[in-house]
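Accompanying notes for the structure given below.
Counting starts at 1 for both ligands and their atoms, in listed order. As a basis for the values below, the full set of heavy atoms in this structure was taken, side chains included, without hydrogen atoms, waters or symmetry mates. In this chain, numbering begins with 1 at the start of the sequence shown.
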Amino acid sequence: MVIETNNPEETFRVGIELGEKAEPGQVFTLTGDLGVGKTVLTQGLAKGLGIGEPVNSPTFTIVQVYDEGRLPFYHFDVYRIGDVEEMDEVGFEDYVMGDGVSLIEWANLIGEILPEKRTDILIEKDLERGFDYRRITIT
Ligand code: ADP
Ligand code: MG
């Protein structure tokens with residue numbers, strides 16, 4: 001499925017819809033260049049799960065856990081990961097196998113340990129379509 005957005009609010013809205021429909025144990029991956037809108041979409045997804053507190057990229061912690069929504073939400077940002085073994089140390093397996101909803105920003109960096117059953121989200125710019133244009137591909 002491909003969705004095109006032209007401003008951050010529309011991307012946020014895509015996130016809300018994904019969050020509203022998310023099922024226990026669902027794993028989302030999010031791939032795209034810096035500043036493309038991964039965190040905007042994640043914030044929408046958190047809102048769709050009923051999380052009220054602000055969600056930012058957990059840049060220095062790898063994973064941030066939010067418990068106040070309809071389902072637990074595990075937000076990973078693996079941008080600064082040095083080695084996939086660091087994921088073992090934070091208990092990646094347990095989160096991903098659990099009943100909460102996991103979302104991994106920069107998932108391409110840990111491709112070898114991702115579960116097979118997952119929802120991949122790719123966000124891309126296309127400057128010919130305008131500075132705020134984003135193409136969101138969900139598979
Ligand atoms: P990332 O997490 O991928 O590094 P962010 O979500 O932090 O990126 O930032 C995306 C930036 O792009 C924000 O400043 C946002 O306002 C801007 N932006 C412009 N157009 C869009 C759009 N269509 N969708 C998402 N973000 C957009
Ligand atoms: Mg981000």
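- Among the backbone and side-chain atoms of Y79, none of the N, O or S atoms lies under 2.8 Å from the Mg ion (ligand 2).
- Under a 3.5 Å cut-off, the side chain of N7 and the backbone N or O of E10 do form a donor-acceptor pair.
- The distance from ligand 1 to the heavy atoms of E105 drops below 4.0 Å at these ligand atoms: 2 (O).
- Using cut-offs of 30° and 60° on the angle between ring planes, the pair W106 and Y79 is tilted.
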Please walk me through it: do I104 and F92 pass side-chain contact (heavy atoms from CB on, under 4.5 Å)? CA-CA 10 Å; I104 307 140; F92 181 69; 3.9 Å; yes

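- Nearest non-hydrogen protein atom to atom 16 (O) of ligand 1 is P8 CG, 3.3 Å.
- For atom 8 (O) of ligand 1, the nearest protein heavy atom (residue, atom name, distance) is G37 N, 3.2 Å.
- Interface atoms of ligand 1 facing D132, defined by a heavy-atom separation under 4.0 Å, are 19 (C), 20 (N), 21 (C), 22 (C), 23 (N).
- Taking a cut-off of under 4.0 Å to the non-hydrogen atoms of D33, the atoms of ligand 1 that pass are 3 (O).
- Looking at ligand 1, you'll find an N or O of G35 within less than 3.5 Å of one of its N or O atoms.
- Remark: side-chain polar atoms of K38 are not paired, donor with acceptor, to backbone N or O of I123 under 3.5 angstrom.
- Counting protein heavy atoms under 4.0 angstrom from atom 14 (O) of ligand 1 gives zero.
- Geometrically, ligand 1 and V40 share a nitrogen or oxygen pair separated by less than 3.5 Å.
- The aromatic rings of Y74 and Y95 sit tilted relative to each other, their planes meeting at an angle between 30° and 60°.
- Close contacts between ligand 1 and T11 involve ligand atoms 22 (C), 23 (N), 24 (N), 25 (C) [criterion: under 4.0 Å to a heavy atom].
- At least one donor-acceptor pair closer than 3.5 Å links the side chain of R70 to the backbone N or O of E20.
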side-chain contact (heavy atoms from CB on, under 4.5 Å) between R134 and K125, worked out: CA-CA 5 Å; R134 302 290 190 271; K125 292 189 187 183; 3.7 Å; yes

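- Of the polar atoms of Y133, none of the N or O atoms is found under 3.5 Å from an N or O of ligand 1, judged by distance alone.
- With salt bridges taken as basic N to acidic carboxylate O contacts below 4.0 Å, none links E9 and R13.
- Residue contact check for ligand 1: L41 places no non-hydrogen atom closer than 4.0 Å to it.
- Between P8 and V40, the shortest heavy-atom distance links the atoms O-CG1, 3.4 Å.
- Taking only non-hydrogen atoms, the option from T39, L34, L30 nearest to atom 7 (O) of ligand 1 is T39.
- For atom 17 (C) of ligand 1, the nearest non-hydrogen atom of the protein is R134 NH2, 3.8 Å.
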